[in-house]
Amino acid sequence: METSSAPAPVDGEVKHQVDLGNLMAFDSGHHFRSIPSDRQELKRECLEKATELVQAVANELFGLPATEDRDGPIVTLPKPTTKLPREKHLPKPKPPTKWEEFAKMKGIKNRKKDKRVFDEQTGTWKRRHGYDRVNDDKDIPIIDAKLTDEPGEDPFSKRNAEKKQRIEKQEKNRLKNLKNASKADALPSHIQLAATALPITGTQKDLPKKASKKELENVAGMAASSTASIGKFDKKLPGEKPPKHPGKYRKFLPVVEGKGMGTQEKQQTDKILNKLLSRDASEILDVNKAVKVFNLQGDKNRKDKYSNSSKLKARKKPLKKSSKKGN
């Protein structure tokens, strides 16, 4: 479907060019009538122009044929006509692995194999790989002895050891392929950073960049947080430190009363009261002034007490009767 990127005529002149594929509209002939005097005026004019362009995109969208849905009308956008630049550079092709080089040299072509294969032992169709696969070693209860076998050697243990060696060899080859791809800078950013620390033998100068300790810790933290337990029950690597707690731990006093619990509770209560009182206090406490006020209040209390006691004594003392002597 062709895009309707033709300019829309408004008032007899070409005003906007709309590219619905990118939901974009632009005005190539726009210019300010006058240079804005300040930043606020520039911001206001830019918002007015942006509103006008968004309205032009909305008008074009409502002109497209739509299909009704329970969420509302749905339109199919046409192909974009404007080529936008990439944010990042084009990815480089990965270097071929050893097997790919060998297959190219020998002319081996990879053919698509069926996922299910007929198992002659059980007479059923089974998977080629994975659980309950065809020709599984666990389904073979008896192993024929060979002339090269040593007497007294357990053939089942030998088979498990050979399988383990094959798996280790495949893993080593996989890590080598990742290492070569990281040298060519042909891996995504998150894999590129992790591939620089792979345990593969080689010189340090072969690495494109030595990852810092902080970068490796960030990668390990992202990998740990991707699990269900957020890395709590994951197997730690040798020398790996536990992740740091991003915030502060909340400390609570124990429920059971023990040694020193009364002192801790008193300190915590005093701390809260001091915070509450400090909010209402307008100035810092003057110790000398507080001592003087306390002394004055004590003197006043003592004077009041002395005056009250003297009044009580005067009330209790009997009055003397005056006697007149006759001549």
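None of these values were measured; they are calculated from a predicted model.
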K.L.:
Quick one: pull up OG1 in Thr122 and CG in Asp132 and give me the separation to the nearest 0.5 Å.
P.N.:
8.0 Å
K.L.:
Within the side chain of Asp27, is there an N or O that forms a donor-acceptor pair under 3.5 Å with the backbone of Gly29?
P.N.:
yes
K.L.:
Is it possible for you to say whether Val57 and Val75 belong to one hydrophobic cluster, with membership spreading through side-chain heavy-atom contacts below 4.5 Å?
P.N.:
yes
K.L.:
Determine the minimum heavy-atom distance between Phe118 and Val134, stating which atoms define it.
P.N.:
O-CG2, 4.1 Å
K.L.:
Given 3.5 Å as the limit, does a donor-acceptor pair link the side chain of Asp149 with the main chain of Ala145, or not?
P.N.:
no
K.L.:
Under the side chain to side chain contact (heavy atoms under 4.5 Å, CB included) criterion, do Val18 and Asn59 qualify, and how do the steps go?
P.N.:
CA-CA 10 Å; Val18 181; Asn59 295 339; over 6 Å; no
K.L.:
Using side-chain heavy atoms (C-beta onward) and a distance below 4.5 Å, is His16 in contact with Glu52?
P.N.:
yes
K.L.:
Hey, is the main chain of Asn177 close enough, under 3.5 Å, to the side chain of Thr97 for a donor-acceptor pair?
P.N.:
no
K.L.:
Scan residues 150-162 for pairs that pass side chain to side chain donor-acceptor pair (under 3.5 Å), counting only residues two or more places apart or in two chains.
P.N.:
Asp154-Ser157
K.L.:
Is any side-chain heavy atom of Leu64 closer than 4.5 Å to one of Thr76?
P.N.:
no
K.L.:
If I take atom CD from residue Glu168 and atom CD from residue Gln170, how far apart are they, to the nearest 0.5 angstrom?
P.N.:
11.0 Å
K.L.:
Roughly how far, to the nearest 0.5 Å, is NZ of Lys292 from CG of Leu296?
P.N.:
9.0 Å
K.L.:
From Lys83 NZ over to Arg86 CZ, what is the distance, rounded to the nearest 0.5 angstrom?
P.N.:
14.0 Å
K.L.:
Would a 4.5 Å heavy-atom cut-off, applied to side chains only, mark Ile108 and Trp99 as touching?
P.N.:
yes
K.L.:
Would you give the length of the straight line joining atom CD1 of Ile143 to atom CZ of Phe156, rounded to the nearest 0.5 angstrom?
P.N.:
4.0 Å
K.L.:
Does one hydrophobic cluster hold both Leu47 and Val54, with members joined at side-chain heavy-atom distances below 4.5 Å?
P.N.:
no
K.L.:
For Arg128 and Arg133, indicate whether the former's side chain and the latter's backbone hold a donor-acceptor pair under 3.5 Å.
P.N.:
no
K.L.:
Hey, is NZ on Lys98 packed in by over 12 heavy atoms from elsewhere, all under 6.0 Å?
P.N.:
no
K.L.:
Please answer whether the main-chain N or O of Thr82 pairs with a side-chain N or O of Asp19 as donor and acceptor at a distance below 3.5 Å.
P.N.:
yes
K.L.:
Does Glu41 reach the main-chain N or O of Ser37 with its side chain, forming a donor-acceptor pair under 3.5 Å?
P.N.:
yes
K.L.:
Between the main-chain N or O of Tyr131 and the side-chain N or O of Arg127, is there a donor-acceptor pair closer than 3.5 Å?
P.N.:
yes
K.L.:
Step by step, work out the salt bridge (charged side-chain N to carboxylate O under 4.0 Å, His left out) result for Lys104 and Glu101.
P.N.:
CA-CA 5 Å; Lys104 184 178 180 181; Glu101 292 178 353; over 6 Å; no
K.L.:
Check this for me: Arg39, atom CZ, are more than 12 non-hydrogen atoms of other residues, nucleotides or ligands nearer than 6.0 Å?
P.N.:
no
K.L.:
Give, for atom NE2 of His30 and atom CD of Glu45, the distance between the pair rounded to the nearest 0.5 Å.
P.N.:
7.0 Å
K.L.:
Is there a side-chain contact between Phe26 and Leu53, using heavy atoms and a 4.5 Å cut-off?
P.N.:
no
